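A note on names: the letters A, B, ... follow the listed sequences, proteins ahead of strands, and every chain is numbered from 1. Please read these numbers as outputs of a predicted model, since none were measured by experiment.
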Number of protein chains: 2
Amino acid sequence: MIHEAGRNPTIQEVARLAGVSQSTVSRVINGSPRVSATARAAVEQVIARVEYVPNNSARNLAQRHSDTVAVVIPDPANRLFGDPFFASLLGGITAGLTDNDLQLVLLRPLSQRDDERAQAYLRGGHVEGAIFVGLVIGDTRPRRLFDRGVPVVVVGSAPDPAISNVDCDNREGARLATAHLVECGRLKIATITGALEGVSAQERLAGYRDALAAGGLEVDPRLEVPGDYDPELAVEAAKLILQREPDIDGLFVASDTMAAAALRVIQDSGRRVPEDVSIVGFDDSAVARMTRPLLTTVAQPTEAMGREAANLLAGLIGAGGGAPRHVVFAPALVVRETSAARL
Amino acid sequence: MIHEAGRNPTIQEVARLAGVSQSTVSRVINGSPRVSATARAAVEQVIARVEYVPNNSARNLAQRHSDTVAVVIPDPANRLFGDPFFASLLGGITAGLTDNDLQLVLLRPLSQRDDERAQAYLRGGHVEGAIFVGLVIGDTRPRRLFDRGVPVVVVGSAPDPAISNVDCDNREGARLATAHLVECGRLKIATITGALEGVSAQERLAGYRDALAAGGLEVDPRLEVPGDYDPELAVEAAKLILQREPDIDGLFVASDTMAAAALRVIQDSGRRVPEDVSIVGFDDSAVARMTRPLLTTVAQPTEAMGREAANLLAGLIGAGGGAPRHVVFAPALVVRETSAARL
DNA sequence: GTGAAAGCGCTAACAG
DNA sequence: CTGTTAGCGCTTTCAC
């Protein structure tokens, strides 16, 4: 679109008005020291008067860079956008990007067509790098992009050793949660998993099993109910568990939102929490402080993870590549009220 | 950055390899019908082989448009990013934008410097339009941008008749909520407001007063406690109310997250909800289904609002301006368990 | 310190 | 249907 009203002045006009050359204007815009004080003053005056703003496309074209990075969220199931985890993560990313003078473009391919467009966009030289969130196992997009020379970092498990990532130790977090349940004297501990197409959910499941084994408890597939990070589905999962194994006394749920949903189902079944069934969630999002009783959960530094992802990417961009880095944050158990020792 | 590995082929090279001119390549890229089948085939073949992807900056420069719009969130308090309302809204915006083949760049100026950068970015001809969210009363940024010829739509109250907006009837929503409390026979109804620097919170407060007046109840400033859409602050607000007016029997809270927090405080004080104190929230976000008892609230079609904002903006961009449009969605009372008739 | 000039990669008339 | 030719607005050598 060309907007009559908004016809922006160009560097040429500024130069003419200031009685200097384009080059000089360009120099003052870019803060070059090789400009006389008088010239600088004249140019700045004109810039202010005509409200000149450089055209980004032209600048990017000439400089061959854009100072923008993409955040890619393949979220067909619309899971991520509903979860406080994501909001918090995105908050951290935006903050970190801003600190590095990088712009953020949000890509959220919903359809096949969207995805093609997104890929083309990423490769179109329009971004300096990309952050992937919510990846599913086997997704080769980060790697393909990386192979084209675009710096990439993924939040979550690295799909490839060459790809930098920032993650939380999901397995350890789940182990912490489940071990806590074991320590509470719980003997039949079930779990509602996250979306198992993703590594994080797999890891949390593994951590759950680790703790069970370490506690001398049997690992029983019947106690493992697949969830999807979707609270609605968690309701069904909880009902299923209760029906199949009415005598469970412990439950580890792979996210707080799902845990909150499961908590309700269990309470509605007439069981007391934490006395009859103890529950531990994951994330320590705001909802953990909204349930009754308050949710025991595993905290992960979501916002910090987002910030770190941004910083990592900024580093990669600045270094023009360099060795991949893998940073993993430590989870921490937060004991609240949904877990207690068996009497 | 120039990435050696990623040195993208240009349209020139494709043309040479395919034995045609740049123009022809450009035509097939842009889907022009004026290309022979053979030429098209040859070009497409080469494009696929060398993995050619057009450079966006060059294209934008030549076409003088970018197909991207900005979503601006002046969120110094970090309120919005924590609220499910925002996540849902953003989900709607991204979906709507995608439908219109528009890219989204997220601008979240946190500091003065960020803000200057953001303004420059917006005026730099890099975006086709902008959506503002979470505006504070008196913010002239949308108008200033609009005056430069950039299409603008704000989510929330229109800061100016010339600016298009999409909103929910906040006043009516709050009236609905409070009238419901009145109908429940509640006689001393307090409120925890949102951030009063924003219009939405002001409107919700007005709606609360409307309903009180209509119900023959006194409007008492002592029953109006300022909040900030922040659950932490809501805890303090609730405590303050209880201390100041121990005999309240109804409470309207301007957001679900705050309501959930207030609910806890009230329960912890030994009061029964809904019997002693009935509570109504606002938003009908996921947290309303996580509290115990379930939260009675006012639903606003958050995702649809986001979608509409995107569509509105797309229309404005396509029409090259045109008359401003103001679309307001109707709120709806959702009665759950935190409200009940007085016995 | 400053200007002239040559592109950056692509689109868009304009001929043919 | 296709090629030629100008730019789009800015950065960047390279002389002066």
Quick one: [X] [atom1] to [N] [atom2], roughly how many Å, whole number?
X       : N      : atom1 : atom2 : result
A:Ile11 : C:dA4  : CD1   : P     : 14 Å
A:Asn56 : D:dC10 : CG    : P     : 10 Å
B:Gln22 : D:dT5  : CD    : C1'   : 10 Å
B:Gln12 : C:dC10 : CD    : P     : 9 Å
B:Ile29 : C:dG9  : CD1   : P     : 14 Å
A:Arg16 : D:dC10 : CZ    : P     : 14 Å
B:Arg59 : C:dA12 : CZ    : C1'   : 13 Å
B:Ile47 : C:dC10 : CD1   : P     : 10 Å

(request) Looking only at non-hydrogen atoms, find the nearest pair between B:Leu313 and B:Gly129 and report the distance. (result) CD2-C, 4.0 Å
(request) Considering only NZ, NE, NH1 and NH2 on the basic side and carboxylate oxygens on the acidic side, decide whether B:Arg59 and B:Asp67 come within less than 4.0 Å. (result) no
(request) For A:Glu197, look at atom CD and say whether over 12 heavy atoms of other residues, nucleotides or ligands are found less than 6.0 Å away. (result) yes
(request) Count the heavy atoms belonging to other residues, nucleotides or ligands that lie under 6.0 Å from CZ of B:Arg117, then report whether that count exceeds 12. (result) yes
(message) So B:Val25, base contact, sugar-phosphate only, or nothing? Heavy-atom distance under 4.0 Å.
(response) nothing
(request) Would you mind classifying the nucleic acid contact of A:Arg34 as base, sugar-phosphate or nothing, using non-hydrogen atoms under 4.0 angstrom? (result) base
From [options], nucleotide with atom closest to [X] side chain:
X       : options               : result
B:Gln63 : C:dT11, C:dG7, C:dC10 : C:dT11
A:Thr24 : C:dT2, D:dG7, D:dG3   : C:dT2
B:Leu61 : C:dG3, D:dC8, C:dC8   : D:dC8
A:Ala58 : C:dG3, D:dC10, C:dG9  : D:dC10

(request) Determine whether any donor atom in the side chain of B:Ser26 lies under 3.5 Å from an acceptor atom in the base of C:dA12, or the reverse, and answer yes or no. (result) no
(request) Please state whether the base of C:dG3 and the side chain of A:Arg27 form at least one donor-acceptor pair under 3.5 Å? (result) yes
Counting only side-chain N and O atoms of [X], is one of them less than 4.0 Å from OP1 or OP2 of [N]?
X       : N      : answer
B:Ser21 : D:dG3  : yes
A:Arg64 : C:dC8  : no
A:Asn60 : D:dC10 : no
A:Asn30 : D:dT11 : yes
B:Ser23 : C:dA12 : no
B:Ser36 : D:dT2  : yes
A:Ser57 : D:dG9  : no

(request) Decide whether A:Asn60 and A:Ser57 meet the rule of one side-chain donor and one side-chain acceptor closer than 3.5 Å. (result) no
(request) Side-chain contact test, heavy atoms from C-beta onward, threshold under 4.5 Å: evaluate it for B:Tyr121 versus A:Asn56 and give yes or no. (result) yes
(request) Using side chain to side chain donor-acceptor pair (under 3.5 Å) as the criterion, point out the one residue from A:Asp147, A:Thr140, A:Asp139 that pairs with A:Arg143. (result) A:Asp147
(request) Give me the bend of the helix from C:dG1-D:dC16 to C:dG16-D:dC1, using the axes of the five pairs at each end, rounded to 10°. (result) 30°
(message) Donor-acceptor check, side chain of A:Ser32 to backbone of A:Val28, threshold 3.5 angstrom: yes or no?
(response) no
(request) Assess A:Arg108 against A:Phe81: is NZ or CZ under 6.0 Å from the centre of the six-membered ring, and within 45 degrees of the ring's axis? (result) yes
(request) Would you kindly compare A:Arg40 and A:Ala62 by the position of their nearest DNA chain C nucleotide and give the one closer to the 5′ end? (result) A:Arg40
